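Everything numeric here is computed off the predicted structure, so don't read it as measured data. FYI, side chains are in, hydrogens and waters are out, and symmetry mates aren't considered; it's all heavy atoms of this structure.
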Amino acid sequence: MPAQIGERGPGAVWCALLPLVALVATGCGATGESSYDVVPASEPAVTTAGEPTVITTANGPIGEMLFDRRDQAIYIFDREAGTVPDCYGDCAVAWPPMLTVGAPVAAGDADQGLLGTTSRSDGTAQVTYAGHPLYFYADEEPGQVLCHKVEEFGGLWLAIDEAGVPLP
């Protein structure tokens, strides 16, 4: 017998779960293979030998924001106060730090004066911008910005503009 108005049939459970399944399969917190060379947190994720790490700006789906040279969206972690990184282990696998060998370089509207580095516990140099360590989300494609204002690993992940200010 079909479900009557006000009753819940077996399809109601699937319909209620469908948006959650879609979010987990396509967005932040999903596990799976990345299209990027994600390395364990103990190894540096650097650009091609001899090439500087470039931080640039582009018009993303939520406004002008920071990207790397591969058009990978860049995020900050609001749980971190100042330049001291607090994302290690599983956090750094999902949110790899933006690492560099040598000084990072600004392009586009990024401000060279806001770029810097901080030392991670393994001795690698992580890029900072406006005093915040920088990260990217391992499962985003170039140009995608799926993880702005996502709460994960005890903090909020935020895309930032060329002034280092979180986007709305």
Side-chain angles (χ1 to χ4, degrees), residues 27-60 62-167:
C28 302
T31 58
E33 295 302 313
S34 169
S35 61
Y36 293 97
D37 296 328
V38 177
V39 296
S42 62
E43 297 177 26
V46 296
T47 58
T48 305
E51 292 182 11
T53 299
V54 176
I55 305 300
T56 191
T57 56
N59 190 19
I62 57 175
E64 187 82 6
M65 58 180 282
L66 297 185
F67 288 89
D68 72 0
R69 74 169 67 226
R70 300 172 301 173
D71 201 27
Q72 179 74 42
I74 295 175
Y75 298 91
I76 62 169
F77 189 30
D78 81 342
R79 180 172 130 177
E80 297 172 332
T83 61
V84 178
D86 193 32
C87 180
Y88 289 93
D90 290 342
C91 178
V93 171
W95 296 90
M98 182 68 57
L99 300 179
T100 190
V101 173
V105 176
D109 289 332
D111 185 340
Q112 186 69 42
L114 295 178
L115 276 172
T117 61
T118 189
S119 186
R120 292 185 59 79
S121 64
D122 62 3
T124 56
Q126 183 171 355
V127 179
T128 62
Y129 196 83
H132 301 285
L134 300 181
Y135 300 88
F136 62 94
Y137 185 66
D139 291 323
E140 281 183 341
E141 297 293 326
Q144 287 184 321
V145 183
L146 302 175
C147 301
H148 178 61
K149 292 188 176 181
V150 166
E151 193 163 340
E152 192 171 42
F153 296 103
L156 198 59
W157 296 90
L158 302 163
I160 59 174
D161 66 15
E162 67 276 3
V165 176
L167 292 167

* Asked: Between Trp95, Phe136, Tyr129, which is the residue that forms a ring-ring contact (aromatic ring centres under 6.0 Å, His included) with Tyr75?
  -> Trp95
* Answer yes or no for Arg79 and Phe153: cation-pi contact, defined as NZ/CZ to six-membered ring centre under 6.0 Å and angle to ring axis within 45°. => no
Heavy-atom closest pair, residues [X] and [Y]:
X	Y	value
Ala159	Ile62	CB-CD1, 3.9 Å
Val145	Ala73	CG2-CB, 4.0 Å
Pro104	Gly116	CG-O, 3.8 Å
Ala163	Ala130	O-CB, 4.2 Å
Ala106	Ala110	CB-O, 3.5 Å

How long is the gap from [atom1] on [X] to [atom2] on [Y], to the nearest 0.5 Å?
X	Y	atom1	atom2	value
Cys147	Asp139	SG	CG	8.0 Å
Asp111	Asp161	CG	CG	11.0 Å
Leu158	Asp78	CG	CG	5.5 Å
Thr57	Glu64	OG1	CD	4.5 Å
Thr53	Arg69	OG1	CZ	7.5 Å
Arg120	Cys87	CZ	SG	6.5 Å

* Where do Val84 and Thr118 land on the side-chain contact (heavy atoms from CB on, under 4.5 Å) test, with the steps shown first? -> CA-CA 7 Å; Val84 178; Thr118 189; 5.6 Å; no
* **Working for side-chain contact (heavy atoms from CB on, under 4.5 Å), residues Glu152 and Trp157** => CA-CA 7 Å; Glu152 192 171 42; Trp157 296 90; 3.9 Å; yes
* **Stepwise side-chain hydrogen bond (donor to acceptor under 3.5 Å, both in side chains) test for Tyr135 and Glu80** => CA-CA 12 Å; Tyr135 300 88; Glu80 297 172 332; 2.5 Å; yes
* To do: Kindly determine whether Val127 and Ile55 satisfy side-chain contact (heavy atoms from CB on, under 4.5 Å), including the steps that lead there.
  => CA-CA 9 Å; Val127 179; Ile55 305 300; 4.2 Å; yes
* Do the side chains of Pro142 and Arg70 get nearer than 4.5 Å, heavy atoms only? ->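 When only atoms from C-beta onward are counted, Pro142 and Arg70 do not touch, as no gap falls below 4.5 Å.
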* To do: Side-chain contact test, heavy atoms from C-beta onward, threshold under 4.5 Å: evaluate it for Pro133 versus Ile76 and give yes or no.
  => no
Could you tell me whether the side chain of [X] and the main chain of [Y] form a donor-acceptor pair under 3.5 Å?
X	Y	result
Glu140	Gln72	no
Gln144	Glu141	yes
His148	Leu167	yes

* To do: Assess whether side-chain contact (heavy atoms from CB on, under 4.5 Å) is satisfied between Met65 and Ile160, documenting all intermediate values.
  => CA-CA 6 Å; Met65 58 180 282; Ile160 59 174; over 6 Å; no
* Using side-chain contact (heavy atoms from CB on, under 4.5 Å) as the criterion, point out the one residue from Thr100, Leu99, Thr83 that pairs with Thr117. =>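 Result for side-chain contact (heavy atoms from CB on, under 4.5 Å) with Thr117: Thr100.
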